[in-house]
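Order of listing sets the numbers, starting from 1, for every ligand and every atom in it.
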Amino acid sequence: MATTRTFKVWRGDAKGGDFKQYDIQVDDGMVVLDVLHRIQAQQAQDLALRWNCKAGKCGSCSMEINGKPKLACMTRMNSLPEGETVTVQPLKTFPVMKDLVTDVSWNYAQNKRIPKFKPRPRDPDGKYRMYQEDVDRVQEFRKCIECFLCQDVCHVLRDRDGREQNTFVGPRFMIRVASLEMHPLDTADRIPAVKDEFGSGMCNITKCCSEVCPEHIHITDNGIIPLKERVVDRFYDPVAMLWRKIFGDKRA
Ligand code: SF4
Ligand code: F3S
Ligand code: FES
């Protein structure tokens, strides 16, 4: 059944802006992205927003809906409180370009800081061999669609200057590091950088990132905490430190 709903959509650019109200017909089965497209078609042709797949797979329609980081294409209208105004605004952690579009290029710059995959030599028969359980472990991290909702919600990037000062790469890139560090073929050592450059100590395990991830990646439990443990083992475990001193094995 069609109903009229009130939307408050943030309109503006880098210089500033405000919420603008739109009363719009909503049909059964619509998601927030459908409603924004209808607003665009009928009332605000110049409304700027990003989208591509409409299937929760491209990660481009990230925004804040009723104050929560979400994908607009995966947020069903019937999941929002009936009869209440729906507020839609751009991701708060990143600079606004126009309306609902933010500049997320900072994230791509973080990605470039991470040392790339460095595989060990092939076996004598020219093949690579891996245990299935080792492959399964990193497979979860490969589901990331780079929507940056986790980056948006993380308070270290949002409120604590982690982004401006490049002190923390953020949850998305901690799981990228984890996917490389736990890869059964990889030989690069990123643990010193995890501690000193990527800011593992800045994360205080609030787990907000894991809660908003549309791919349900266990960012904190399976990615960040194991990386923190590797840092502790390497730099703060006295037994491991003594072992390294005696045997000179930096990865003990
Ligand atoms: Fe999005 Fe999840 Fe990837 Fe973060 S980890 S960018 S929330 S898919
Ligand atoms: Fe941020 Fe997630 Fe850690 S929200 S503080 S990266 S647990
Ligand atoms: Fe691709 Fe929403 S449009 S994730």
Side-chain angles (χ1 to χ4, degrees), residues 30-38 40 47-65 68-77 79 88 90-94 99-102 104-111 114 138-180 182 194-195 197-229 231-232:
M30 278 180 130
V31 294
V32 169
L33 184 62
D34 294 324
V35 182
L36 292 171
H37 280 156
R38 187 169 276 180
Q40 208 178 33
L47 172 64
L49 69 151
R50 277 201 192 103
W51 68 283
N52 199 325
C53 68
K54 234 189 136 199
K57 288 295 159 208
C58 73
S60 49
C61 66
S62 303
M63 52 188 74
E64 298 199 5
I65 298 168
K68 299 204 172 111
K70 284 184 181 294
L71 296 179
C73 72
M74 298 304 284
T75 307
R76 295 195 160 276
M77 283 302 297
S79 71
V88 184
L91 299 177
K92 282 193 197 140
T93 299
F94 302 106
D99 302 334
L100 301 174
V101 176
T102 50
V104 293
S105 56
W106 181 85
N107 294 293
Y108 302 118
Q110 302 318 300
N111 202 26
I114 299 170
V138 290
Q139 199 61 30
E140 177 189 15
F141 306 140
R142 306 280 299 178
K143 293 192 300 177
C144 176
I145 58 170
E146 296 215 313
C147 64
F148 304 133
L149 293 179
C150 58
Q151 300 284 91
D152 179 54
V153 82
C154 176
H155 69 105
V156 180
L157 301 184
R158 189 182 275 231
D159 306 322
R160 292 186 48 207
D161 298 339
R163 187 174 65 79
E164 278 88 357
Q165 297 178 12
N166 276 339
T167 47
F168 182 44
V169 290
R172 187 280 171 267
F173 298 103
M174 291 297 278
I175 63 147
R176 171 148 160 71
V177 174
S179 76
L180 292 163
M182 296 178 196
V194 166
K195 170 176 162 284
E197 295 168 40
F198 304 153
S200 61
M202 301 284 285
C203 165
N204 51 2
I205 316 183
T206 56
K207 299 196 183 187
C208 312
C209 50
S210 307
E211 280 167 27
V212 300
C213 178
E215 288 293 323
H216 308 292
I217 300 170
H218 297 93
I219 303 171
T220 326
D221 289 344
N222 292 351
I224 297 176
I225 291 174
L227 284 179
K228 279 174 168 281
E229 286 170 351
V231 168
V232 170

Can you give me the closest heavy-atom contact between [X] and [Y], atom names plus distance?
| X | Y | answer |
| --- | --- | --- |
| Leu71 | Cys147 | CD2-CB, 3.9 Å |
| Arg158 | Asp152 | NE-O, 2.8 Å |
| Ile65 | Lys70 | CD1-CB, 4.1 Å |

Atoms of ligand 3, numbered as shown, that sit under 4.0 Å from any heavy atom of [X]:
| X | answer |
| --- | --- |
| Gly56 | 4 (S) |
| Cys58 | 1 (Fe), 3 (S), 4 (S) |
| Asn52 | 3 (S) |
| Cys73 | 2 (Fe), 3 (S), 4 (S) |
| Cys53 | 1 (Fe), 3 (S), 4 (S) |
| Cys61 | 2 (Fe), 3 (S), 4 (S) |

[X]: numbered ligand 1 atoms lying under 4.0 Å from its heavy atoms:
| X | result |
| --- | --- |
| Ile219 | 5 (S) |
| Arg172 | 6 (S) |
| Pro214 | 7 (S) |

Tell me, which protein residue and heavy-atom name are nearest [atom], and how many Å apart are they?
| atom | answer |
| --- | --- |
| atom 3 (S) of ligand 3 | Lys54 N, 3.1 Å |
| atom 4 (S) of ligand 3 | Gly59 N, 3.3 Å |
| atom 4 (Fe) of ligand 1 | Cys150 SG, 2.3 Å |
| atom 3 (Fe) of ligand 1 | Cys144 SG, 2.3 Å |
| atom 6 (S) of ligand 1 | Phe148 N, 3.3 Å |
| atom 2 (Fe) of ligand 1 | Cys213 SG, 2.4 Å |
| atom 8 (S) of ligand 1 | Ile145 N, 3.5 Å |

Contact check, side chains of [X] and [Y], non-hydrogen atoms, under 4.5 Å:
| X | Y | result |
| --- | --- | --- |
| Asp221 | Ser210 | no |
| Arg176 | Val169 | no |
| Phe141 | Met182 | yes |
| Asp34 | Met77 | no |
| Cys73 | Lys54 | yes |

With heavy-atom distances below 4.0 Å as the criterion, list the atoms of ligand 2 near [X].
| X | answer |
| --- | --- |
| Lys207 | 7 (S) |
| Cys209 | 2 (Fe), 4 (S), 6 (S), 7 (S) |
| Ile224 | 6 (S) |
| Cys154 | 1 (Fe), 4 (S), 5 (S), 6 (S) |
| Thr206 | 4 (S), 5 (S), 7 (S) |
| Cys203 | 3 (Fe), 5 (S), 6 (S), 7 (S) |

Determine whether more than 12 heavy atoms belonging to other residues, nucleotides or ligands lie under 6.0 Å from atom NZ of Lys68.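 Incorrect, the count does not exceed 12.
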Is atom 1 (Fe) of ligand 1 less than 2.8 Å from at least one N/O/S atom of Cys147? yes
Atom pair CG/CD of Leu33 and Gln40 - distance to nearest 0.5 Å: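 Reported to 0.5 Å precision, the distance equals 9.0 Å.
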Which one holds for Glu146 and ligand 1: side chain close, backbone close, both close, or neither close, with close meaning a heavy atom under 4.0 Å?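 Within the 4.0 Å criterion, Glu146 contacts ligand 1 through backbone atoms alone.
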Location of contacts on [X] toward ligand 2, heavy atoms closer than 4.0 Å:
| X | value |
| --- | --- |
| Thr220 | side chain |
| His155 | side chain |
| Asn204 | both |

Below 30° counts as parallel, above 60° as perpendicular, anything between as tilted: where do the rings of Trp51 and His37 land? perpendicular
Flag the pair [X] and [Y] as a salt bridge only when some basic side-chain nitrogen lies within less than 4.0 angstrom of an acidic carboxylate oxygen.
| X | Y | result |
| --- | --- | --- |
| Glu229 | Lys195 | no |
| Arg142 | Glu215 | no |
| Glu64 | Lys92 | yes |

I'd like to know if the side chain of Asn107 reaches the main chain of Val104, judged simply by a donor and an acceptor atom lying under 3.5 Å from each other, with no hydrogens or angles considered.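 Confirmed, Asn107 side chain pairs with Val104 backbone.
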Assess the pair Phe173 and Tyr108: is the distance between their ring centroids shorter than 6.0 Å? no
Below 4.0 Å, non-hydrogen atoms only: which portion of Lys57 touches ligand 3? Side chain, backbone, both or neither.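 For Lys57, only backbone atoms sit under 4.0 Å from ligand 3.
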